[in-house]
Structures are given as structure tokens and as C-alpha cells.
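Worksheet: one structure, shown below.
We use all heavy atoms of the structure for the numbers below, so side chains are in, but hydrogens, waters and symmetry mates are not. Owing to the predicted nature of the structure, the values given are computational and were not obtained by experimental measurement. First the proteins, then the strands, lettered A, B, ... as listed; each starts at 1.
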Number of protein chains: 2
Amino acid sequence: MKNFTVRAGLPDPVLERLARLYTILSRLEGSGGPRPFSSKAVGELLAVPGHTIRKDLSLLKTFLQAEQEADPDRAADSDQGYDAARLRSLIGRGLGLEKVRPVALVGLGRLGSAILHKKREWTDLRYPIAAAFDASINRIELTRTEVPLFHSREIVRVTREKGILVGILAVPAEAAREVAERLVEGGARALVNFTPVLIAPAGKGVVVRNVSLTGELDIISGYLDREGV
Amino acid sequence: MKNFTVRAGLPDPVLERLARLYTILSRLEGSGGPRPFSSKAVGELLAVPGHTIRKDLSLLKTFLQAEQEADPDRAADSDQGYDAARLRSLIGRGLGLEKVRPVALVGLGRLGSAILHKKREWTDLRYPIAAAFDASINRIELTRTEVPLFHSREIVRVTREKGILVGILAVPAEAAREVAERLVEGGARALVNFTPVLIAPAGKGVVVRNVSLTGELDIISGYLDREGV
DNA sequence: CCCGAACCGTGAAATTTTTCACAATTCATG
DNA sequence: CATGAATTGTGAAAAATTTCACGGTTCGGG
């Protein structure tokens, strides 16, 4: 019934592992790490066994070739481990992570401010905050930043005008649902939701990542209990 | 080779879905929601199809029975949907989520403060912050809270003395590794890591949830790209 | 009191994901 | 330059997870 999904790309778990790996490799930039990066070493970075890494990369390469582009440097590969920089670039190309994607931040409470002012180091140039919103004019006026601030009323307009595709929700639970809708209405195709309210993919085709401290704690607690702790 | 895992409990994906569901149901408390909660309705809460819910609950019940305890109210069930309160309680018992688990919070920067001062509503009585740490004495003295504050130097001692099993990392990336080690040394068995540095299960048997904004954004970006956006 | 609609519970089938195992390749070294 | 140790890449097997499909139960009407 929904089998006309042609599997346009990599399987979900593979995609997620590779994306995580990319994040980690980005942060390693320069700081070296083990020189010849064996699949085992890479795996430890991610807490998965080496063969998973090899398989994932195998799929990624197959996919990239199918896409077209002949590998720029089809050189030596099949022996002494991976090179961090090249690996990162490979994943970046394969998953489209080199694109710059401006994001909209909604909610300037404590969490929102933390995100807004995050230090350069853990900021990422690839996801510049192109606009931030809050429902309190007072707070907007008090916040000091280079990021353009708007009232929540303007979410749809601004999101649309700036062509923003990714939204970050850092609002109180009550507002979550509505803000999500407005962002989507303004053209957003993906949301990171820090609210404890789970946002279901509003219109189809919207990617949502739900992150809540309580949620994580409940999951953790479940695992601990299963282990008898 | 590692097959002496007797599968003491529910499969990982099932456990995670149920834990998430518990989080959501807790928040719904009282506010009603659709009355007779059909599996489909519950599924929408979680963005999964109804049969997944039914299957998960089926496994949960089987597991609970095997555990021992005869169901208190083995009453009518197999017809008109679930009752939110009873469902929550069922999951709570099955996953051990009714236990109170005091947590340690490390790092009182912007993010740490946000967590420390989180409003009662999204606080959860089940995870009281029993101690908070920071490497800056200055910051410790300036922070106003009822939570007992300590210098990071004391992590091992305090964690051990208070019998804390769960740690939250809200420190700068550089410090992540070390703080994680100290928490585990002090007896912690689980960590929620907000650092972009991925913490691999230090000693085995330590549960880790890694959450980073950049990480989530990279995953999102990967999905968007796969969809051709 | 009987009918039909709505819904749960679950074994079995289908699908997806992980793991395995091994040929092929590279490099350092004596 | 031959040998051995280390490591990748990948088809195929194994395991895990999701989906399906249907029997059985309850409830509201007529």
C-alpha cells in the first residue's frame, strides 16, 4: 500500500550512524586522533563494532557511485585504515551535509538563550541561526545578539521569506504544537523539538527529532531497570 | 561470543517506545485526551502505526506476567481502547519507571542553568537533582538554588555518598571525557550527555544517551538530502 | 436479544538490519 | 623480494524488528 517507496537512499540506521560519525569527525578536525583509523577505531568513536562501520561505508560508496560522480581519488583504500579528513568528506558528500542550512530558533527562555549564545566552538557554521522568535516583546528587546529577532507572530512570514527549512523548538510545552504548525506553514521541512510534547510529523514529509530531558531519563531508567539496577 | 545475554527483558526498540509513551502519558495526566484511547490514537501520539502499539503492549504484558505479579485488575481490556491512567501505570511497573532516581548535574553554564532551573511543569519529581557541580567556584557562589552545589573536584565523593546512579553532562566539550569517568567512578550507571563529544560506554554496563544539537541537525540534514531537499 | 461495528491480542509471515567469514590488498621488515 | 600481520570490502547467513491478518470480545442500537 505504501510500497512505491523506491528506497531513494541509505537505510535509516545507516544514515543516522554516518551522520553522527560526521559530527564527531568534524570536531576531531586537526586534533589528530589515531593515525591510520582502522574500522575498529572508528567504531569505538561511535560505540559500534568495526564490521558495522565497514558495512555502512560499503553501502555509502555503492550509493555514491550509483548517484554518478566518479570518485575523485579512487586511490589506495583497501588496506591500512581510513583517513579522518577524507572519510569526513566522503560522508559529507554522500549525505549532503556540506550544504549550509539556515535555521529558525523559536523560544528565548533559558534553553533558547543557551542555544542562541552557544559558544563558537560548538556552534556549527553549517547551521547559522537566521532568525529567532519569542512571544514576549520584552524579552526580545532585552536580548543582545546579532541574530535578527522577531515576535512569534511573524514566524510564517519570516520563515518563508528567508527560505528557512529547519526549525528549533525551545518553547514551553503549551506552545509547541502551534509553533510547529506555523513553522511548517512557513515552509520548514524539519524540526528539532526540545519540548516534552512529542510532535508527530505534521504534514508528511516533515522530519522531526524529538529531544527531551525527561524522555531521555525515562529511557535510561528503563534500561537500568532491565539490568536489574 | 557474547551470546550469553539471556535477553532479560524487552527488546531495545520496544523499551524505548514504551518509555517515550510513558513520558507523554505522564504529561497528559488529567488533561484528558481522546477518551477511549484506541491503539491507533496512542500510535499517533508517538508517530507509529497502531499495530506497533498493540504488539509492544502485548510483549509488555507477557513480560510482566512472566515476572510474576498477577495483574491486579485483569478486567475488561480487549475491546474499547486503553485507559490512559492504567496504561501509564502498566508501563511504569513494567519498565520500573516508578522508581525515584536522583541525578547529578555537572556544568552550570547556560545549558546547565536551564536544566537546574527548569520549571516545575517540565521538571519531573522522579528525577530530582540531588547535587550539581561546576569547575568555577565563582559560578557556584553566584548561583541561587536549593540544590546543593559542589566543586567538580568532589564529583566522585558526593556521587558515591548520595548513591546517585544517573549523571547529566552539561559541560564544555573538553571536559566531557573526564567528568564522565569521574561520575562512573563515583558509582553512576547511566549518563545523559549534552556534549557534542560522544561518550562511549566507559566501563561496560553504563547506559549512555548522547544528545547534541549539532548531531541532531546533521541527522536531519541527512534525511532532508535523502528526500531531495 | 441479536447484529454490526470497533477494537484488542497475538502467532506467523515479511522485511530490515546486523553479523559473519573470507578473498583481496597493502605494508613493513629482514 | 618473499613473508606475515593487519585491514578493507562485500555477498551471504543469521538475527531482530515490523507488519499482517484474523479470532475473539465488547458495546450500542433497533
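- The separation between B:K40 atom NZ and D:dT19 atom C1' is 17 Å, rounded to whole Å.
- Annotation: proximity of residues 51-59 of chain A to DNA chain C (heavy atom, distance under 4.0 Å) is found for A:H51, A:T52, A:R54, A:K55, numbered in ascending order.
- Taking atom CG of B:D12 as the reference point, atom P of D:dT18 lies 10 Å away to the nearest angstrom.
- In this entry the distance linking CZ of A:R17 with P of C:dT16 reads 16 Å, nearest Å.
- Regarding A:L87, its CG atom lies at a distance of 11 Å from the P atom of D:dT8, rounded to whole Å.
- For B:S38, counting side-chain heavy atoms from C-beta on, the closest listed nucleotide (C:dT18, C:dC7, C:dG9) is C:dC7.
- For the pair A:F63 and A:G94, the tightest heavy-atom approach, listed with the atom from each and the gap, is CE2-O, 3.6 Å.
- Panel note: side chain B:S89, backbone B:A85; no donor-acceptor pair is recorded below 3.5 Å.
- Salt bridge annotation for B:R182-B:E178: present, with a cationic side-chain nitrogen under 4.0 angstrom from a carboxylate oxygen.
- Close to D:dT8, at under 4.0 Å from its OP1 or OP2, lies a side-chain N or O of A:S39.
- Separating the CG atom in A:D218 from the CZ atom in B:R209 is a distance of 11.0 Å, to the nearest 0.5 Å.
- Using a 4.5 Å heavy-atom cutoff, the side chains of A:F194 and A:L111 are in contact.
- Per the geometry, CZ belonging to A:F63 stands 16 Å off P belonging to D:dT10, to the nearest Å.
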Just list the side-chain donor-acceptor pairs under 3.5 Å for residues 41-57 of chain A, sequence neighbours left out, or say none.
from, atom 1, to, atom 2, distance (Å)
A:R54, NH1, A:S39, OG, 3.2
A:D56, OD1, A:R17, NH2, 3.0
A:D56, OD2, A:R17, NE, 2.6
A:D56, OD2, A:R17, NH2, 3.3

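- For the pair A:L90 CG and D:dT8 P, the interatomic distance rounds to 14 Å; values are reported in whole Å.
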* A:I155 vs A:E185, side chain to side chain contact (heavy atoms under 4.5 Å, CB included): CA-CA, chis, key distance, verdict -> CA-CA 9 Å; A:I155 292 177; A:E185 193 186 334; over 6 Å; no
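- Between the CD atom of A:Q80 and the P atom of C:dT29 there is a distance of 11 Å, rounded to whole Å.
- OP1 or OP2 of C:dG9 has at least one side-chain nitrogen or oxygen of B:Y82 nearer than 4.0 Å.
- Atoms CG (B:L15) and P (D:dA16) sit 16 Å apart, rounded to a whole Å.
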